[in-house]
There are 2 protein chains.
Amino acid sequence: MRVRIEDVAAAAGVSMKTVSRVLNNEPTVKEATRLRVQAVAKSLNYRPDPSARSLAGRRSYLVALLYDNPSANYLMEILTGVVEACEQYHYGMVVQPVAYTRADFVQTVESLVALSRLDGLILTPPLTDSIALLDRLDELRIPYACVSPKVREGGIGVTLDEQEAAREMISLLASMGHTRIAHIRGHAAHGASEWRHEGYCNGLRQAGIDYDPSLVVQGEFSFDSGMQAAHALLDLDDPPTAIFAANDDMAAGVMSVAHGRGLDIPGDLSVCGFDDTPVSRQIFPTLTTVHQPARDMGRQATVELLKAIQDPASGQMTHMPYALQIRHSTGPAHRQRT
Amino acid sequence: MRVRIEDVAAAAGVSMKTVSRVLNNEPTVKEATRLRVQAVAKSLNYRPDPSARSLAGRRSYLVALLYDNPSANYLMEILTGVVEACEQYHYGMVVQPVAYTRADFVQTVESLVALSRLDGLILTPPLTDSIALLDRLDELRIPYACVSPKVREGGIGVTLDEQEAAREMISLLASMGHTRIAHIRGHAAHGASEWRHEGYCNGLRQAGIDYDPSLVVQGEFSFDSGMQAAHALLDLDDPPTAIFAANDDMAAGVMSVAHGRGLDIPGDLSVCGFDDTPVSRQIFPTLTTVHQPARDMGRQATVELLKAIQDPASGQMTHMPYALQIRHSTGPAHRQRT
DNA sequence: CTGTTAGCGCTTTCAT
DNA sequence: ATGAAAGCGCTAACAG
């Protein structure tokens, strides 16, 4: 039969409430009592019943990971980190896709939270950039952590200096002698697209290269949009010798087009991406890109969220490190186009 | 304030229990009453409290998706299907990675089920092939659905005729004139590796090609293992003109090696994979592979599971269709190796 | 076919 | 610092 709190209380010679206090880390318990109860609970292999706990406590011990159509690899990494943190803190996790383009999406999230009594949310891009959503959550006092949000002072979650990473990438290309460096922007709804574009601009400026609008085309983070952009760029009268795509999928699209046109990479064209997804190692040549520690980011965001759930005054915005992955798709700009 | 069952009962002029009956689709309610209660519940926007329901009902209205280190894309597709089915049936889903290589993994699953009172499990490969787990779940009468299990009569879930798909792939290669067709096997723990290999054998037999053991090498479904296998095969005195890898990641590894060696695909070497993951469209040339409807499979498996939870006598093993995706990595065996 | 009475296992008051 | 009693919102068992 299932071990109940009552059994633990009896075995430890205290009341149910005291056991409950120990379980919930409430401070007002004598240390000796706490230790004894913990020992008994462990020896009986007691685990509180989640339903009973949440019914009585008016909370679910559940957080939800919300996402809208992200890359599978990225999301899986984030998810793995979230799961790790949840396990450690004895919290449960549910995953929920939400279509942020739908008019009623804020309401959808609201009722999701209400119906399941969710204790907190982990938001991933581009949900992190919906002011309407964030405002409403603040209003409702629903704790949430953002992964890579566009600026928002005082929020909790994790960020990465994507702008600086992009700048560094451009500096790398410039140092190889490239002066015609193109950029394929990411989906307009993502804050990341802004940052990466700004980093591109900063990199050019720092290298003393003028910004040429014809070298910047809009993509939407998909492989196909990368291909389209590549065609547009390579059809230019004075085409670029290097292309910085705002993510790996688009960079893969560029490389595919380049191969199709018989261009050598990196001899004729250098290509680089962002995210360090598995495809960056699986294409030929391997792709120079920016690594972000998505799994750690998921874990850290969740840890901060859980802290904020316990104490709304806590919860930080943590800064995570990025790392350039220099592989074989980038090189000196030396070959002459025929 | 939250609407409770009591409020619905009062508004409909019936007892709480009658409302409960309507909600749970119990048959013993007069049609007129049922309709009235449903109307009132909807107008009040009533949604039962999951915690209270599960505490009183001794069940969680939760299913868990269990996995062990699968490809991110595959899992995300399955997960999406599971979420769809859960939404439709008003069930919740939790995801749980479990390391099936650990000695205590069956116990881990057991306590997971017990502690969260999970109503059912969705198993993905290779968990579907752990006899120990399946036996224990049967013993405990815990409903579960398998996605692509190795044979098990009477089980519930979804399957795909992977053997036949592999055979068809080999037939395709043979019809293009290939006679030296190699196979890179998948991870030994996966039933899929067996099937695909058997399909390979059948395909050769049907084409009247002798099975050459030196053309079959062991991989483990990873990109790197595909590269290693490719090196081994291409170093042979009489190398293959076509390689059938047991999944796309390994096929991508093969293509990378081929490019590195200056081989033309498909001129010098035809390559094909299995699974139709995004990478198959993102590499150059695009990869010929086998598509499996992973999302539908996840949904269907969940639907069957949910049926089985309601009525243990129901729940089927559904057969799903596959489809060959013929792209640009395969072609006639015509070029002469230099 | 419908209602009444007890809980499910825990946390909250409010005492002490 | 600890305990007793009263629910949380729902379903189970038994009546009628």
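Quick caveat, the model's predicted, so the values are computed rather than measured. Lettering follows sequence order; numbering is per chain, from 1.
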For this session: Could you tell me whether the phosphate oxygens of D:dT2, OP1 or OP2, come under 4.0 Å of any side-chain nitrogen or oxygen in A:Ser15?
Result: no

Exercise. Of B:Ala52 and B:Val29, whose closest DNA chain C nucleotide lies nearer the 5' terminus?
Worked result: B:Val29

Exercise. Whole Å only: how far is the CZ atom of B:Arg4 from the P atom of D:dG9?
Worked result: 6 Å

Exercise. CZ of B:Arg53 versus C1' of C:dG9: gap in Å, rounded?
Worked result: 19 Å

Exercise. How many Å lie between CE on A:Met16 and C1' on D:dA6, as a whole number?
Worked result: 11 Å

For this session: Output yes when at least one side-chain N/O atom of B:Tyr46 is less than 4.0 Å from OP1 or OP2 of D:dG9, else no.
Result: no

Exercise. Can you find a donor-acceptor N/O pair under 3.5 angstrom joining the side chain of A:Arg21 to the base of D:dT2?
Worked result: yes

Problem set entry | Options D:dC10, D:dT2, C:dT11, nucleotide nearest the side-chain atoms of A:Thr28 | D:dT2

Problem set entry | Aromatic A:Tyr61 / basic A:Arg53 pairing, under 6.0 angstrom, 45° off normal | yes

Problem set entry | Quiz item: B:Arg58 side-chain donor-acceptor pair to C:dG9 base, under 3.5 Å | no

Problem set entry | Nearest to side-chain heavy atoms of B:Thr18, which nucleotide of C:dT2, D:dC10, C:dT11 | C:dT2

Problem set entry | Donor + acceptor pair across side chains of B:Asn69, B:Tyr100 (<3.5 Å) | no

For this session: Look at the side chain of B:Lys17 and the base of D:dA12, then say whether one donor and one acceptor between them are separated by less than 3.5 Å.
Result: yes

For this session: Report yes if a side-chain nitrogen or oxygen of A:Thr33 is closer than 4.0 Å to either non-bridging phosphate oxygen (OP1 or OP2) of D:dT2; otherwise report no.
Result: yes

For this session: Examine distances only and state if a side-chain atom of B:Ser314 and a backbone atom of B:Lys307 form a donor-acceptor pair shorter than 3.5 Å.
Result: yes

Exercise. How close or far is atom P of C:dG9 from atom CZ of A:Arg59, stated in whole angstroms?
Worked result: 21 Å

Exercise. Considering heavy-atom distances to DNA chain C, does B:Glu31 or A:Leu23 have its closest nucleotide positioned more toward the 5' end?
Worked result: B:Glu31

Seminar exercise, completed: Atom CD of A:Glu26 and atom C1' of D:dA1 are separated, to the nearest Å, by 12 Å

Exercise. Does the distance from a Lys or Arg side-chain N to an Asp or Glu carboxylate O, for B:Asp49 and B:Arg4, drop under 4.0 Å?
Worked result: no

Exercise. Phosphate oxygens OP1/OP2 of C:dC10: is one of them under 4.0 Å from a side-chain N or O of A:Ser20?
Worked result: no

Exercise. Would you call B:Arg299 and B:Glu84 a salt bridge, taking side-chain N to carboxylate O under 4.0 Å as the test?
Worked result: yes

